Structures are given as C-alpha cells and as structure tokens.
Number of protein chains: 2
Amino acid sequence: METFIRTISSLNDETRVLILRFLDLHGGLCVCDLQQSLGMIQSRLSRHLKILKDGGFLKVERAGAWSIYSIRSPLDRFRLECLEEIRCLDIELPLLKKLSDKGCKI
Amino acid sequence: METFIRTISSLNDETRVLILRFLDLHGGLCVCDLQQSLGMIQSRLSRHLKILKDGGFLKVERAGAWSIYSIRSPLDRFRLECLEEIRCLDIELPLLKKLSDKGCKI
DNA sequence: GGAATATATCAATATATCTTGATGTTTAAT
DNA sequence: ATTAAACATCAAGATATATTGATATATTCC
C-alpha cells in the first residue's frame with residue numbers, strides 16, 4: 001500500500017506531470033536545463049525530481065557537477081500505463097533550452 | 001490535465017483505496033453498510049465516495065433512501081489498470097457487515 | 001402530517017503538501 | 001587553495017486536503 005500511494009502521490013501534481021512529460025520527450029536532462037526550460041527555481045525542481053524518483057518514475061546519474069534525470073527504464077507495467085496516459089494529455093510544453101552543452105551558468 | 005489529476009488524486013488516499021478495494025470485492029453497497037463494515041463515520045465516507053465518483057471510479061444509484069455505490073462499468077483502460085494494481089495490494093480487508101438487508105439502523 | 005432513517009454538505013480544526021529563499025555540499029575551473 | 005557552478009536540503013509561510021461534529025435534505029413508515 002505504501003509503495004502504491006508513493007507512486008500515485010508522485011503523479012498528484014501538475015508540475016511533476018509536466019516534468020515527467022518533458023523528460024519523456026527530451027530524454028535525460030540536468031536540473032539547470034530543466035530550470036531554464038521550465039522556468040522554475042532550483043529548489044522547487046530538486047524537490048519534485050526527488051519525489052518522481054522516489055515514486056519510481058525517474059533515475060538520476062551524476063555526471064560531474066550535473067545530475068542527469070531521466071525516465072527510469074524499464075518501467076513496470078503500472079508506471080508505464082501511467083506514463084502512456086500522461087503522453088495522451090494535452091499539455092503545453094515549453095521549448096527545450098539546453099544550456100548545459102555550452103556550460104550552464106545559472 | 002485536470003481530469004488526470006482528479007483521477008490520480010482520487011486514489012491518493014489510503015482510505016479511498018480501501019473503499020475501492022472493498023467495493024470491488026463485494027459489489028454495490030450502501031453508505032450505511034460501508035459505515036458498519038469499515039468502521040467510519042458517515043460524513044467521512046460520503047466525502048470519500050464523492051471523490052471516487054468524481055475520479056471516475058464509482059457510480060451511485062439511488063434505491064429509496066439508500067445510495068448504492070459500486071465500481072463504474074466499463075472502466076476505461078487507465079482506470080482499469082489502476083484497479084488491477086489495487087487488486088494486487090496486500091490490504092487487510094474488514095468483514096462485510098451487510099445490515100441493509102435487514103433494514104439498516106445506524 | 002410527523003418521526004425516524006439515510007445521505008449530503010458545511011464549518012472548524014488538524015494535517016499534509018507546495019513554494020520560496022537561505023544554507024550546505026560536491027565538483028570544476030583557475 | 002580559492003572561487004564559482006550545480007545540486008540538495010532545510011525552515012517558514014502559504015495552500016490544500018482530511019477528519020469530525022453539526023446541520024440540511026430526502027425518503028420511508030406509521
């Protein structure tokens with residue numbers, strides 16, 4: 001039950017659904033890219049990314065100073081169904097501003 | 001997005017998952033039966049039942065003074081997947097105390 | 001019609017969650 | 001070594017959600 005609620009509650013927020021959709025579309029991104037693209041402050045993003053990770057949807061990989069967040073793979077059946085449902089949502093997605101390539105300076 | 005969040009948030013509560021599981025197991029029940037079986041007060045149940053209905057998981061049918069709540073059928077693919085996931089949870093289910101047959105007197 | 005049952009809703013309080021700004025911690029560049 | 005970037009975490013305030021008891025609305029039975 002605990003795990004189920006943690007999984008569900010990780011989706012129970014528009015910000016997190018947006019983040020998930022954005023990472024699903026663009027693949028792994030660092031926090032500073034998400035910051036730029038989604039126009040959110042860092043602490044807010046970090047928090048939501050952690051919740052999505054604890055919910056089993058994301059994984060993190062350290063690359064130097066960067067934390068690269070991406071959709072965990074493989075997702076189990078249920079989480080994949082959730083992701084499929086999110087893919088069908090009509091969400092206004094911002095453009096990707098990938099500054100990390102040129103050296104991100106927030 | 002709005003509908004998705006409403007669906008997800010309706011599952012984001014242990015009480016509601018329990019109610020859903022209980023109705024899934026026993027079929028349609030009135031509020032007073034749920035009250036007896038789950039040991040909850042009426043206002044609390046009414047609230048959660050409404051949220052599950054608004055989340056698209058339950059339907060209500062009036063039968064005289066009683067409101068019979070049951071799993072909505074057919075469920076769409078995503079809600080069905082959610083229900084399947086809930087069926088797999090290890091939940092301690094109370095016994096059914098169906099007093100409505102003999103005339104429920106709360 | 002009047003009393004009692006079943007349910008819904010409201011108001012107040014308690015609890016949890018989200019947002020922001022501040023503060024740590026680690027890594028990279030010089 | 002120092003400085004700065006990238007990220008995590010914490011504390012405080014704001015917002016949302018849950019619980020309870022009280023009240024309102026049907027409906028049934030007499």
Side-chain angles (χ1 to χ4, degrees), chain A residues 1-2 5-20 23 28-55 58-70 97-106, chain B residues 1-2 5-20 23 28-55 58-70 97-106:
Chain A
M1 172 72 103
E2 200 182 321
I5 294 288
R6 197 179 312 119
T7 302
I8 287 294
S9 71
S10 74
L11 297 182
N12 191 31
D13 183 283
E14 297 207 5
T15 299
R16 288 195 287 273
V17 173
L18 176 64
I19 292 172
L20 208 47
L23 285 173
L29 293 173
C30 66
V31 181
C32 66
D33 280 339
L34 289 167
Q35 233 177 305
Q36 287 298 316
S37 301
L38 305 180
M40 296 179 196
I41 66 176
Q42 183 265 321
S43 65
R44 185 182 174 197
L45 268 172
S46 261
R47 174 179 207 268
H48 288 303
L49 289 167
K50 177 175 165 46
I51 292 174
L52 282 168
K53 181 167 74 71
D54 294 346
L58 298 184
K59 68 170 190 283
V60 209
E61 288 160 314
R62 265 274 167 179
W66 295 330
S67 288
I68 309 296
Y69 283 88
S70 57
K97 298 178 191 164
K98 200 163 183 182
L99 302 182
S100 56
D101 290 339
K102 331 167 192 167
C104 186
K105 266 153 209 166
I106 300 299
Chain B
M1 174 71 105
E2 201 181 320
I5 294 287
R6 199 181 309 122
T7 302
I8 286 294
S9 73
S10 73
L11 296 181
N12 191 31
D13 182 286
E14 296 207 6
T15 299
R16 289 195 287 273
V17 173
L18 176 64
I19 291 172
L20 208 47
L23 285 173
L29 293 173
C30 66
V31 180
C32 66
D33 280 339
L34 289 167
Q35 232 175 306
Q36 287 296 315
S37 300
L38 305 180
M40 294 179 195
I41 65 176
Q42 183 264 321
S43 65
R44 185 181 174 199
L45 268 172
S46 261
R47 175 179 207 270
H48 288 302
L49 288 167
K50 177 175 166 46
I51 292 174
L52 282 168
K53 179 168 75 69
D54 293 346
L58 298 184
K59 69 170 191 279
V60 209
E61 288 160 314
R62 266 274 169 179
W66 294 331
S67 288
I68 308 297
Y69 282 88
S70 56
K97 298 177 190 163
K98 199 163 181 179
L99 300 182
S100 55
D101 291 338
K102 329 166 192 165
C104 187
K105 266 152 210 170
I106 301 299

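Computed from a predicted structure; not experimentally measured. Order of the sequence lines sets the chain letters (A, B, ...), proteins ahead of strands, with each chain counted from 1. Just so you know, these numbers use all the heavy atoms, side chains as well, and skip hydrogens, waters and symmetry mates.
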* Asked: Which heavy-atom pair separates A:Arg16 from A:Ser10 by the least distance, and what is that distance?
  ->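 Closest pair (atom of A:Arg16, atom of A:Ser10, distance): NE-O, 2.7 Å.
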* Would you name the heavy atoms of A:Lys97 and A:Asp33 that are closest together and state the gap between them? =>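 It is O-OD1, 3.6 Å.
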* To do: Could you check A:Ser9 against B:Ile68 and say which one's nearest nucleotide on DNA chain C is further toward the 5' end?
  =>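 Going by which nucleotide is closer to the 5' end, it is B:Ile68.
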* To do: Tell me which of B:Gln42 and A:Arg44 sits closer to the 5' end of DNA chain C, going by the nucleotide each one is nearest to.
  =>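 Nearer the 5' end of the strand: B:Gln42.
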Can you measure [X] atom [atom1] to [N] atom [atom2] for me and round it to whole angstrom units?
{"X": "A:Asp54", "N": "D:dA8", "atom1": "CG", "atom2": "P", "answer": "12 Å"}
{"X": "B:Leu18", "N": "D:dA18", "atom1": "CG", "atom2": "C1'", "answer": "15 Å"}
{"X": "B:Met40", "N": "D:dT19", "atom1": "CE", "atom2": "P", "answer": "8 Å"}
{"X": "B:Ile5", "N": "D:dT15", "atom1": "CD1", "atom2": "P", "answer": "19 Å"}
{"X": "B:Leu45", "N": "D:dA18", "atom1": "CG", "atom2": "P", "answer": "14 Å"}
{"X": "A:Ile51", "N": "D:dA8", "atom1": "CD1", "atom2": "C1'", "answer": "13 Å"}
{"X": "B:Ile8", "N": "C:dT17", "atom1": "CD1", "atom2": "P", "answer": "15 Å"}
{"X": "A:Lys53", "N": "D:dA8", "atom1": "NZ", "atom2": "P", "answer": "9 Å"}

Looking only at the side chain of [X] (C-beta and beyond, no hydrogens), which of the listed nucleotides [options] gets closest?
{"X": "B:Arg62", "options": "C:dG21, C:dT7, C:dC18", "result": "C:dT7"}
{"X": "B:Arg47", "options": "D:dT17, D:dC7, D:dC10", "result": "D:dT17"}
{"X": "A:Asp13", "options": "C:dT20, C:dC18, C:dT7", "result": "C:dC18"}

Please report the interatomic distance [atom1]([X]) to [atom2]([Y]), rounded to the nearest 0.5 Å.
{"X": "A:Asp13", "Y": "A:His48", "atom1": "CG", "atom2": "NE2", "answer": "5.0 Å"}
{"X": "A:Tyr69", "Y": "A:Leu49", "atom1": "OH", "atom2": "CG", "answer": "5.0 Å"}
{"X": "A:Leu20", "Y": "A:Thr15", "atom1": "CG", "atom2": "OG1", "answer": "12.5 Å"}

Strictly below 4.0 Å: does [X] bring a side-chain N or O up to OP1 or OP2 of [N]?
{"X": "A:Ser43", "N": "D:dC10", "result": "no"}
{"X": "B:His48", "N": "D:dT19", "result": "yes"}
{"X": "A:Thr15", "N": "C:dT19", "result": "yes"}

* What nucleic acid atoms does A:Ser67 come within less than 4.0 Å of, heavy atoms only: base, sugar-phosphate, or nothing? ->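 If one applies the 4.0 Å heavy-atom cut-off, A:Ser67 turns out to touch the sugar-phosphate alone, with no base involved.
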